[in-house]
2 protein chains.
Amino acid sequence: MKIPLYRQIQASLKEKITSGIYEEGGLLPSENDLCTEFNATRMTVRQALNELVREGYITRQHGKGSTVSASRKSLGLLSLKGWTEVVVASDRHGKTLVLEGPMLKKMQNPIFRPLIDTESDEDFIFFKRLRLVEDLPVMYEHTYIPNDNLPNFIEEPLLEGSLFRTLLIRYQIDVQSMTQEVRAIAADKETANLLKIKTKSPVLHLLRKYKTSVEGFFLYSSIYCNTEKFAISSFN
Amino acid sequence: MKIPLYRQIQASLKEKITSGIYEEGGLLPSENDLCTEFNATRMTVRQALNELVREGYITRQHGKGSTVSASRKSLGLLSLKGWTEVVVASDRHGKTLVLEGPMLKKMQNPIFRPLIDTESDEDFIFFKRLRLVEDLPVMYEHTYIPNDNLPNFIEEPLLEGSLFRTLLIRYQIDVQSMTQEVRAIAADKETANLLKIKTKSPVLHLLRKYKTSVEGFFLYSSIYCNTEKFAISSFN
DNA sequence: AAGTGGTCTAGACCACAGT
DNA sequence: CTGTGGTCTAGACCACTTC
């Protein structure tokens, strides 16, 4: 039992939230109930709950209880804020078109170099995806995943079309945080075509490195965003 | 004694960090030392320390201790990542030119409307500032601050040129977090001139709402960034 | 009044860092 | 080895929300 108890509680609750056993907007069991369920004390349960607050899965209110966050966790960043209304972007909402991949590919793209420490000549699992909100293309994304410890990844389709959920359920890999560089650039021809904007229009470029629950295992994404109708918003 | 003990400990340590009593890169007293100093138990002290970690003031290592974060807290977001080297942007580094203000002004700019709930016809304290890194203009910023509870703000110069530090020291207002919307837009003439780029070049536009330790008191900024040489990077 | 989360105590054992 | 932070227990009292 090397994994701390509060981490186990945290993971268990997270799984029940993402799988829908605990519904959005609903209440979690009270701290005392969780204490008996996991045979732990309140301080331990509270540590787990506080981690879930920090990760954006739940909110808490004093005399009330722990509420499952609506629109699920935003991964610490990134949600799309709409013109007048709020549209939440996640692998579950909107549409995602896989334009290329998954396939094995070397990472020839030098823009990731500053983010990567060691790995160089390895093969990566590669995706090209286009994400739409309300049928408007808003994100064009290239994803690179180190081809380690992911047996049969390319052969099997993604669970519910979600990469993160696939990693969590099939490989017990939890994407926990990320760092990113943000720039404004002029869209090249391919990007402009896909995002249905004029070439050289300003687009947001996000260069991302995702940290996972597996030590040393990171995901990389290069994302081009059309922000004419939707802005990227972030918190904290 | 309505303020929780761990908040008092947190505030005390924060003050000693920002004022330089605990030096950057140095070690804080151990948890047990803090226990005796504040007459509290380890759980209480740890709660204060964990808050400081969350706010970016310190980092902690297992067998070692609590280290005061170098280059001070990054406010959860925003640091400028350079060409080859890392440059940290804060009110202490780089240069900041005040182009206009502080002055009283109504907020006529409608772009903030989505961020503001109630306030409408009030006067705001207004700034126009240009920030340079390595003598290159990289950020052009408009700041609006509600003119409540800030006696003599306009009359007195900023402490060490830092708005946040001034709010903290003179008014005990701590800027704790923010939300922002990020877009890529084409620079207008004024912005392009100030940032020394061509008109219609892609620039990053950040619309920010800062949350403070005072309930209901927020700061607002509209920022245009030249990301040709420096990218905005964010964490988590 | 009952149930909830917020704070706090006074211990304990462990794993990691530096000597 | 000592000292540090990481985890955990078994209680306690309080403030808030709901009924």
Side-chain angles (χ1 to χ4, degrees), chain A residues 1-14 16-17 22-23 25-70 174 176-177 211 213 215-216, chain B residues 1-14 16-17 22-23 25-70 176-177 213 215-216:
Chain A
M1 200 95 71
K2 42 164 67 170
I3 299 180
L5 179 54
Y6 81 92
R7 289 283 177 200
Q8 299 177 42
I9 299 174
Q10 180 187 350
S12 169
L13 293 174
K14 198 185 291 183
K16 285 176 183 164
I17 288 172
Y22 294 144
E23 291 177 16
L27 285 177
L28 251 51
S30 75
E31 294 182 351
N32 283 318
D33 290 349
L34 293 173
C35 287
T36 59
E37 176 181 345
F38 291 101
N39 195 29
T41 56
R42 264 189 76 209
M43 289 302 296
T44 306
V45 166
R46 282 179 61 79
Q47 195 166 357
L49 291 173
N50 284 332
E51 288 292 313
L52 291 177
V53 169
R54 209 180 45 77
E55 294 184 82
Y57 284 95
I58 63 174
T59 58
R60 317 185 73 197
Q61 269 195 50
H62 201 144
K64 228 173 162 188
S66 303
T67 308
V68 178
S69 293
D174 191 19
Q176 295 176 327
S177 67
K211 189 175 177 300
S213 52
E215 179 75 18
Chain B
M1 198 95 73
K2 38 163 71 173
I3 299 178
L5 179 54
Y6 81 92
R7 290 282 177 202
Q8 299 177 40
I9 299 174
Q10 180 187 348
S12 170
L13 293 174
K14 198 187 290 185
K16 285 177 184 165
I17 289 172
Y22 294 142
E23 291 176 17
L27 284 177
L28 251 52
S30 75
E31 294 183 352
N32 283 320
D33 289 349
L34 293 173
C35 287
T36 59
E37 176 180 346
F38 292 100
N39 195 29
T41 56
R42 264 189 76 209
M43 289 302 297
T44 305
V45 166
R46 282 177 62 77
Q47 196 167 355
L49 291 173
N50 284 333
E51 289 292 314
L52 291 176
V53 169
R54 208 180 47 73
E55 294 185 80
Y57 285 95
I58 63 173
T59 58
R60 316 185 71 195
Q61 267 195 41
H62 201 143
K64 223 173 165 189
S66 303
T67 308
V68 178
S69 293
Q176 293 176 329
S177 67
S213 52
E215 180 77 17

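Quick note on labels: first sequence line is chain A, next is B, and so on, each numbered from 1.
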Enquirer: Within the structure shown, what part of the strands sits under 4.0 Å from A:Ser30 by heavy-atom distance: base, sugar-phosphate, or nothing?
Expert: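 Sugar-phosphate contact only.
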Enquirer: Is there a side-chain contact between A:Leu28 and A:Leu49 (heavy atoms, below 4.5 Å)?
Expert: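 Yes, their side chains come closer than 4.5 Å.
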Enquirer: Separation of B:His62 atom NE2 from C:dC16 atom C1', in whole Å?
Expert: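 Computing the B:His62:NE2 to C:dC16:C1' distance gives 5 Å.
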Enquirer: Between A:Gln61 and B:Pro29, which has a closest nucleotide on DNA chain D that is more 5'?
Expert: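 The residue closer to the strand's 5' end, by nearest nucleotide, is B:Pro29.
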Enquirer: Grab the two heavy atoms, one from B:Gly25 and one from B:Thr67, that are nearest each other, plus how far apart they are.
Expert: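 For B:Gly25 versus B:Thr67, the nearest heavy atoms are O-CG2, 3.6 Å.
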Enquirer: Tell me which residues in residues 42-52 of chain B put a heavy atom below 4.0 Å from DNA chain D, sorted by number, or none.
Expert: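 Contacts with DNA chain D under 4.0 Å: B:Arg42, B:Met43, B:Arg46.
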Enquirer: With respect to A:Ser66, which candidate in A:Ile58, A:Leu13, A:Leu27 satisfies the side-chain contact (heavy atoms from CB on, under 4.5 Å) definition?
Expert: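 Only match with A:Ser66 under side-chain contact (heavy atoms from CB on, under 4.5 Å): A:Ile58.
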Enquirer: Between A:Glu23 and A:Val68, which heavy-atom pair has the shortest distance, and what is it?
Expert: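 Nearest pair, atom of A:Glu23 first, then A:Val68: O-CB, 3.3 Å.
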Enquirer: So, are A:Glu31 and A:Arg60 salt-bridged, with charged N and O less than 4.0 Å apart?
Expert: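 Salt bridge: yes.
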Enquirer: Can you measure from CE (B:Met43) to CG (B:Asn50) and round to the nearest 0.5 angstrom?
Expert: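 The CE atom of B:Met43 sits 8.5 Å away from the CG atom of B:Asn50.
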Enquirer: Which donor-acceptor pairs under 3.5 Å do side chains of residues 32-40 of chain A form with protein atoms, sequence neighbours excluded?
Expert:
{"from": "A:Thr36", "atom 1": "OG1", "to": "A:Asp33", "atom 2": "O", "distance (Å)": "2.7"}
{"from": "A:Glu37", "atom 1": "OE2", "to": "A:Lys16", "atom 2": "NZ", "distance (Å)": "3.1"}

Enquirer: Reading DNA chain D in the 5' to 3' direction, which nucleotide is the first one with an atom under 4.0 Å from a heavy atom of chain B, and which is the last?
Expert: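 The footprint of chain B covers D:dG3 to D:dC8.
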Enquirer: Working to the nearest 0.5 angstrom, can you tell me the gap between A:Leu52 CG and A:Tyr6 OH?
Expert: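 Interatomic distance, A:Leu52 CG to A:Tyr6 OH, rounded to 0.5 Å: 11.5 Å.
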